[in-house]
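Take a look at the structure set out below.
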Amino acid sequence: MGRPLSLPDLSRPVLEVAPRLLGAHLAAGGCTVRLTEVEAYAGQDDPGSHAFRGRTPRTQVMFGPAGHAYVYFTYGMHWCMNVVTGVDGEASAVLLRAGEVVEGLDVAQARRPGVRERDLCRGPARLCRTLGISGVHDGVDLLAAGSPVRLLPGAAVDPAGVRTGPRVGVAGDGAVAPWRFWSDGEPTVSPYRAAVRRVRRST
DNA sequence: GCCAGGATGTTCT
DNA sequence: GAACATCCTGGCA
């Protein structure tokens, strides 16, 4: 702590930007969230990225300039939000996995009745739901003053408290880059759940 | 408390 | 047709 409160240059490489987004604030839907867990997706270099197989209508925002929101719909009912990083055309982004509500808690709890405060933004889909983020926010400029979703400077995080981990499920030939970043000791960071192949109900 | 399984629609092969 | 960067509910310890 104690470092000046400022946002990282989002046009830098995603693995550099991701840890520096911890502690930043995300304001939307009358609430402000302090980011506590993020995950980097490096586009062409990450088999787990939506953009790995190339540009599609769905992922075209990831290929655009940094500072925009890439919001996608998954599992039939959940929205997840990324912050596009890197230079134009690189398709890298940072998935916002978890956060803590620091402003507008009453609004958040009204939107999510019965949910404990620490669970409001514990998980990428819950974070979006609590903030009211959906597909209409796909591609918005997070740095524009008039945007419905804004990324703002927050509380600087002690680099020593930033923990990293390789993503399980992504096969790496040799060393695997630490894709996930989270603030140590944050109750809003959920334990990692190994990817399980879902068995679909037979038709 | 933890674990297993179902839900639900868009995207891509 | 199958996968999917997930969440919620119910059952059991």
Side-chain angles (χ1 to χ4, degrees), chain A residues 14-15 17-19 21-22 26 29 33 35-64 66 68-86 90-101 108-109 111-139 142 149 151 163-172 176-182 187-203:
Chain A
V14 63
L15 289 178
V17 173
L21 283 177
L22 293 175
L26 185 72
V33 163
L35 300 178
T36 58
E37 183 183 6
V38 299
E39 186 163 318
Y41 284 85
Q44 300 106 325
D45 298 328
D46 182 4
S49 172
H50 289 165
F52 179 67
R53 296 175 193 159
R55 179 180 164 282
T56 68
R58 182 196 204 185
T59 60
Q60 68 178 27
V61 173
M62 286 182 76
F63 287 82
H68 288 247
Y70 166 48
V71 183
Y72 67 91
F73 194 63
T74 189
Y75 287 100
M77 61 186 101
H78 298 305
W79 294 99
C80 297
M81 175 181 160
N82 299 250
V83 176
V84 177
T85 67
E90 265 195 1
S92 59
V94 178
L95 172 68
L96 308 183
R97 292 196 64 91
E100 176 193 4
V101 178
Q109 289 180 325
R111 189 176 285 136
R112 304 280 291 145
V115 178
R116 288 184 297 181
E117 180 177 346
R118 51 172 280 182
D119 291 333
L120 283 171
C121 295
R122 190 159 78 154
R126 293 185 212 181
L127 187 148
C128 285
R129 187 180 296 184
T130 295
L131 292 179
I133 295 172
S134 68
V136 301
H137 301 112
D138 187 35
L142 297 171
V149 184
L151 192 62
R163 304 199 61 182
T164 69
R167 287 200 334 183
V168 180
V170 176
V176 177
W179 301 101
R180 301 198 310 124
F181 303 87
W182 67 93
T188 53
V189 177
S190 59
Y192 179 77
R193 291 179 59 179
V196 181
R197 176 170 295 182
R198 211 169 43 82
V199 180
R200 197 190 183 105
R201 189 185 65 170
S202 60
T203 53

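Letters A, B, ... mirror the listed sequences (proteins, then strands); counts begin at 1. The basis for the numbers below is simple: all heavy atoms, side chains too, and nothing from hydrogens, waters or symmetry mates.
- One interatomic measurement links the two molecules: CZ of A/Arg58 to C1' of C/dA3, which rounds to 10 Å at whole-angstrom precision.
- Taking 4.5 Å as the limit, some side-chain heavy atom of A/Asp119 sits within range of a side-chain heavy atom of A/Arg126.
- A straight line from CZ of A/Arg118 to P of C/dC7 spans 14 Å, rounded to a whole angstrom.
- Using bins of under 30°, 30° to 60° and over 60° for the plane-to-plane angle, the ring pair A/His50/A/Tyr72 lands in the perpendicular bin.
- In this view, A/His137 satisfies the ring-ring contact (aromatic ring centres under 6.0 Å, His included) rule with no residue, not counting sequence neighbours.
- Residue A/Trp79 contributes atom CH2, which lies 22 Å from atom P of B/dA7 at whole-angstrom precision.
- Checking the phosphate oxygens (OP1, OP2) of C/dT6, a side-chain nitrogen or oxygen of A/Arg97 falls inside 4.0 Å.
- Rounded to whole angstrom, the span from the CE atom of A/Met77 across to the P atom of B/dG9 amounts to 8 Å.
- Put simply, A/His50 has a side-chain N or O that comes within less than 4.0 Å of OP1 or OP2 on C/dA5.
- In A/Arg111, the CZ atom is crowded: over 12 heavy atoms of neighbouring residues, nucleotides or ligands sit closer than 6.0 Å.
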Tell me, what's DNA chain C's dot-bracket, Watson-Crick or G-U with both distances under 3.5 Å, | for other-strand, [ ] crossing? ||||.|||||||.
Dump the intermediate steps for side chain to side chain contact (heavy atoms under 4.5 Å, CB included) on A/Val14 and A/Tyr41, then the final yes or no. CA-CA 7 Å; A/Val14 63; A/Tyr41 284 85; over 6 Å; no
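- With centroids closer than 5.5 Å and planes inclined by less than 30 degrees as the test, A/Phe73 and the base of B/dG9 fail to qualify as a stacked pair.
- Within the 4.5 Å cutoff, the side chain of A/Leu151 has heavy atoms near those of the A/Leu26 side chain.
- OP1 or OP2 of B/dC12 has at least one side-chain nitrogen or oxygen of A/Thr56 nearer than 4.0 Å.
- For A/Phe181, there are no ring-ring contact (aromatic ring centres under 6.0 Å, His included) partners at least two apart in sequence or on another chain.
- As a whole-Å value, the separation of A/Leu127 CG from C/dC8 P is 12 Å.
- In this entry the distance linking CH2 of A/Trp182 with C1' of C/dA5 reads 16 Å, nearest Å.
- Counting atom types as modelled, A/Tyr75 pairs no side-chain N or O with a base atom of B/dA7 as donor and acceptor under 3.5 Å.
- At a threshold of 4.0 angstrom between heavy atoms, the contacts of A/Arg112 are confined to the sugar-phosphate backbone, with no base atom among them.
- Rounding to whole angstrom units, OH of residue A/Tyr72 and P of B/dT10 are separated by 16 Å.
- Comparing C/dC4, B/dC12, C/dC7 by their nearest atom to the side chain of A/Thr74 picks out C/dC4.
- Close to C/dA5, at under 4.0 Å from its OP1 or OP2, lies no side-chain N or O of A/Arg126.
- Protein atom NE2 of A/His78 is 9 Å distant from nucleotide atom C1' of B/dT8, rounded to whole Å.
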